[in-house]
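All heavy atoms count here, side chains included; hydrogens, waters and symmetry mates do not.
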Amino acid sequence: MTPGELIDIFRTEMADILEPYLWSDSELLGYLDDAQTVYAQLTGGFADSTSTATKITIVAGKDWYAISPRILKLRRVTRTDTGREIPVWTAEQAELRGVRFDGLTGPIRALVSGLEDQKLRAWPMPSEASVPAELRILRLPLSTISDVDSRIEVPLQHRVPMLNWVKSRAHRKPDAETLNPVKADAYEQAFRRYCVQASAELARQRRPSGTVHYGGL
C-alpha cells in the first residue's frame, strides 16, 4: 500500500474528496512521514542489518567511530571477516571491567557506547589494518515519505492504522474548517494504543527462539 493509496483512504474517510481539498497532498505526505517516524519510536524501531547505516570499518590507530543518528538501539556487532561478535559495553559496563583508554593497542576486544552521542569507541586502540563490522540495529526510517510513491517501511499490516496519526495531525491544522482538538486527541490516543499492541507483537517476533518465560506458581 503506497502513500497515494493511504491518502485516497484518508480522503474517503474524512469526506475530503472534492477540490479544493481541506488538506493538500503535500500536507498529508508530511503527516504520513511523521506517522512513520512516531510508529518507529513507539515500537522500538525497524530491524536492520543490511543498509549503509549498519556498516563500519575499524582501522588501526582510530578508536572513535560515528554511527547513524537514525539508530535507536544497537543490538549486536559482528566482524564480517570472521563472523565473531564484538561485544558492545556501555560506559558504565566498561568501567566495571577495568577499561582504560590509555593508549594500549591490540586487536579489538570491545566497543563502548554512551561516551558521546552517535559514537562508539573501540578498545583497545585498534592495531589491525582493517576490521569490517556489521551492526544489527533498530532504527528510525532512513528516508522521508515525500511523494505518493515513496517507500514506506512500516509493515503492510500496520499501514492503515497510521491514518489515525494523520487524522490527528489533520485536525490540528489551524483553520476554522479543520481544527478540532477533541478529535485530534482521540485519534492520537487511538494511534498510540495501536502502537503499544504492535510493539508487543514485534517483541514476540524478536525474542530468541527457544526462550521460555515462567510466570511462577
Q: For D175, look at atom CG and say whether over 12 heavy atoms of other residues, nucleotides or ligands are found less than 6.0 Å away.
A: yes
Q: Classify the angle between the aromatic ring planes of Y39 and F46 as parallel (below 30°), tilted (30 to 60°) or perpendicular (above 60°).
A: parallel
Q.
So that I can tick it off, tell me whether R79 and E128 are bridged by a salt bridge, with the cut-off set at under 4.0 angstrom between side-chain N and carboxylate O.
A. yes
Q: Identify the heavy atoms of M1 and V160 that sit nearest to each other, and give their distance.
A: SD-CG2, 3.7 Å
(Q) Show the nearest heavy-atom pair for residues G45 and L138, with the distance to one decimal. (A) O-CD2, 3.9 Å
Q.
Walk me through whether T144 and R151 qualify under side-chain contact (heavy atoms from CB on, under 4.5 Å).
A. CA-CA 8 Å; T144 60; R151 177 178 177 238; over 6 Å; no
(Q) Enumerate the salt bridge (charged side-chain N to carboxylate O under 4.0 Å, His left out) contacts for residues 92-114, please, sequence neighbours excluded, ordered by first and then second residue. (A) none
Q) Rounded to the nearest 0.5 Å, how far apart are CD1 of I67 and CG of L120? A) 4.5 Å
Q: May I ask you to check whether Q205 and E201 show a side-chain donor-acceptor distance below 3.5 Å?
A: yes
Q: Quick one: closest heavy-atom pair of S127 and P107, and the distance?
A: OG-N, 3.4 Å
**Q.** Student check: side-chain heavy atoms of P3 and L29 closer than 4.5 Å
**A.** yes
(Q) Membership question, hydrophobic clusters at under 4.5 Å side-chain separation (ILVMFWY): are L42 and L140 in the same one? (A) no
Q: Kindly indicate, with the supporting measurements, whether the criterion side-chain contact (heavy atoms from CB on, under 4.5 Å) is fulfilled by S49 and I137.
A: CA-CA 6 Å; S49 62; I137 62 175; over 6 Å; no
Q.
Between T37 and P141, is there a side-chain heavy-atom distance shorter than 4.5 Å?
A. yes
Q) Taking a hydrophobic cluster as the set of Ile, Leu, Val, Met, Phe, Trp and Tyr residues connected by side-chain heavy atoms closer than 4.5 Å, whether directly or through intermediates, do I108 and L104 fall within one such cluster? A) no
Q. Short question: side chain of Q189, backbone of A186 - any donor-acceptor pair under 3.5 Å?
A. no
Q. Pairs in or reaching into residues 41-70: which pass salt bridge (charged side-chain N to carboxylate O under 4.0 Å, His left out), with residues at least two apart or in two chains?
A. D48-R139, K55-E134, D63-R121
Q: Determine whether the side chains of W165 and D34 contain a donor N or O and an acceptor N or O closer than 3.5 Å.
A: yes
Q | Pairs meeting criterion salt bridge (charged side-chain N to carboxylate O under 4.0 Å, His left out) with involvement of residues 181-200, two or more places apart | A | R172-D185, R172-E188, E188-R192
**Q.** M162 side chain reached by V154 side chain, heavy atoms, under 4.5 Å
**A.** yes
Q. Hey, does I58 have a side-chain heavy atom less than 4.5 Å from the side chain of P126?
A. yes
Q: Please determine if R169 and D33 form a salt bridge, counting it only when a charged side-chain N lies under 4.0 Å from a carboxylate O.
A: no
Q. What's the shortest heavy-atom distance between M14 and Y187, and which atoms?
A. SD-OH, 4.5 Å
Q.
Nearest 0.5 Å, please: how far is CD in E85 from CZ in R76?
A. 4.0 Å
Q) Just wondering, do L28 and V166 contact through their side chains at under 4.5 Å, heavy atoms? A) yes
Q.
Hydrophobic clustering (ILVMFWY, side-chain heavy atoms < 4.5 Å, transitive) - are Y31 and L179 grouped together?
A. no
Q | Between NZ on residue K73 and OG on residue S113, distance to nearest 0.5 Å | A | 11.5 Å
Q: Using a 4.5 Å cut-off on heavy atoms from C-beta on, say whether the side chain of T12 contacts that of I9.
A: no
Q | Contact summary for Y65 and T57, nearest pair of heavy atoms | A | CE2-O, 3.3 Å
Q) Between H171 (side chain) and T178 (backbone), is there a donor-acceptor pair under 3.5 Å? A) yes
Q) Going by the angle between their ring planes, with limits at 30° and 60°, are W89 and W123 parallel, tilted or perpendicular? A) tilted
**Q.** Smallest separation among heavy atoms of L32 and I7, with atom names
**A.** CD1-CG1, 4.1 Å
Q. Counting only N and O atoms by type, is there a donor-acceptor contact under 3.5 Å from the side chain of S168 to the main-chain atoms of A184?
A. yes
Q.
How long is the straight-line distance from CZ of R159 back to OG1 of T2, given to the nearest 0.5 Å?
A. 9.0 Å
(Q) Would you say the rings of W23 and F10 are close, in the sense that their centroids are separated by under 6.0 Å? (A) yes
Q. For the hydrophobic clusters of this structure (ILVMFWY residues joined by side-chain heavy atoms under 4.5 Å, transitively), does one cluster hold both L142 and I71?
A. no
Q.
How long is the straight-line distance from CD of E116 back to CH2 of W64, given to the nearest 0.5 Å?
A. 4.0 Å
Q) Any link between L6 and L156 through a network of hydrophobic side chains (Ile, Leu, Val, Met, Phe, Trp, Tyr) touching at under 4.5 Å? A) yes
(Q) If you apply the rule side-chain contact (heavy atoms from CB on, under 4.5 Å), what do you find for L135 with I56, and how did you get there? (A) CA-CA 8 Å; L135 315 181; I56 62 172; 4.1 Å; yes
Q: Find out whether M125 and F101 are in side-chain contact, i.e. whether some heavy atom of one side chain is under 4.5 Å from a heavy atom of the other.
A: no
Q.
So does C195 get a backbone contact from the side chain of T43, meaning a donor-acceptor N/O pair under 3.5 Å?
A. no
Q) Can you check whether R84's main-chain N or O pairs, donor with acceptor, with T82's side chain at less than 3.5 Å? A) yes
